[in-house]
Amino acid sequence: MEPIIAGNWKMNMDPAESRTLVQDLMKSVGDIKGRIVILIPPFTSLASVCELTRNTRFKLGAQNMHWERSGAYTGEISGLFLKSLGCEYVVLGHSERRHIMGESDETVNKKLKVALEIGLIPIFCVGETEQERESGATEQVIRRQISEGLKGIENEAHKIVFAYEPVWAIGTGKTATPEQAVAAHKFIRNLLKKPSTILYGGSVKPDNIDTLMKEDEIQGVLVGGASLKADSFARIIKFIQ
Ligand code: 13P
C-alpha cells in the first residue's frame, strides 16, 4: 500500500488562492510516484481544485459532510455533492468538529455509514486531548471514539482510513514522538478486525516527516498548517523513506 499524504486546508484558501497553491505545488513536487496525495480544500474551493487536478495523481477530499443524502438541512453538504465534484475522500470526526462544533460519536457514526454507502473513503479522525492524556485516559478515549464511530459497520473498517490526531499536537508545534504515535497506532490496530491504514496528524512539518515515516506503523500523514505552503507541503510529499 502506498503511503498517504493528505493536506487538510481547514478554513483557509479561497478559490483563487487554492488555484495558486495547487499550481505552485505541482511545480514543486514534479511527478509524484509511490505515494497517494490527497488535497482537502474547503467546500467552496473544491471545484477549482478539481479542475486543476483532473487527470493528475492528486486526489480530492472534503473536510466534512452531512449524514443524509439530501433534504431540509440548511447550510449542510451532502456526500453525493462531494462525489459529483470529484471527491474520493471525506474527513470525518476531526477534533475541530468534535470540540468546536460539538460533533458527537453518534453523528460521526451516521456520517461514516453514509460515506461508505455512497462510495466515499472516510478519513476517520480520533485522538485525545492534553487533559485526557495527562489523566491516563488516552486509550479509553480512543476505544470509545472507535467503537461508537464504527457501530454497525465494524466489518467495513478496512474500507476506512484512520487518522490518529492527538488534539494537543494539532496546530501547537508539539508533534507526538514517533514512540507515542506508534503506541497509539498499535492500540487502534488491535481494536480493528482487519488491517487498516492509519495516518498520523498533528504538527507534521518538513523537519519531522522523515522520522515519522520511518515507522511501519505510520502509513501516512494528515497535515494541516504545513499543507498551506507549496514548498513545505512538497517537501512533506517527497519524504525520504
Ligand atoms: P496541524 O498540522 O496544523 O497541526 O493540523 C493537523 C490537523 O488537524 C490535520 O487534520
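Here the structure is a predicted model, which means the values were calculated and not measured. As the structure lists them, so they are numbered: ligands from 1, and atoms in each ligand from 1.
Neither side chain, Ser203 nor Thr175, offers a donor N or O lying under 3.5 Å from an acceptor on the other. Inspection of the Trp168 and Glu128 side chains reveals an N or O donor paired with an N or O acceptor under 3.5 Å. In this structure, a donor-acceptor pair under 3.5 Å is present between the side chains of Asn64 and Lys111.
Some N or O of Ser203 is nearer than 3.5 Å to an N or O of ligand 1, by distance alone. Between Gly224 and ligand 1, at least one N/O pair is under 3.5 Å apart. Of the N or O atoms in Ala226, none lie within a sub-3.5 Å distance of an N or O in ligand 1. For the pair His94 and ligand 1, the shortest N or O to N or O distance falls below 3.5 Å. An N or O contact shorter than 3.5 Å links Gly171 to ligand 1 by distance.
Every residue meeting the side-chain hydrogen bond (donor to acceptor under 3.5 Å, both in side chains) condition with Glu148, not counting sequence neighbours, appears here in chain and number order: Lys151.
Under 4.0 angstrom from ligand 1, there are no non-hydrogen atoms of Ser227. The backbone and the side chain of Leu222 each have at least one atom closer than 4.0 Å to an atom of ligand 1 (non-hydrogen atoms only).
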For Glu165 and His94, run side chain to side chain donor-acceptor pair (under 3.5 Å): C-alpha distance rounded to whole Å, both residues' side-chain angles, the deciding distance at 0.1 Å, then the answer.
-> CA-CA 8 Å; Glu165 294 208 310; His94 192 279; 3.1 Å; yes

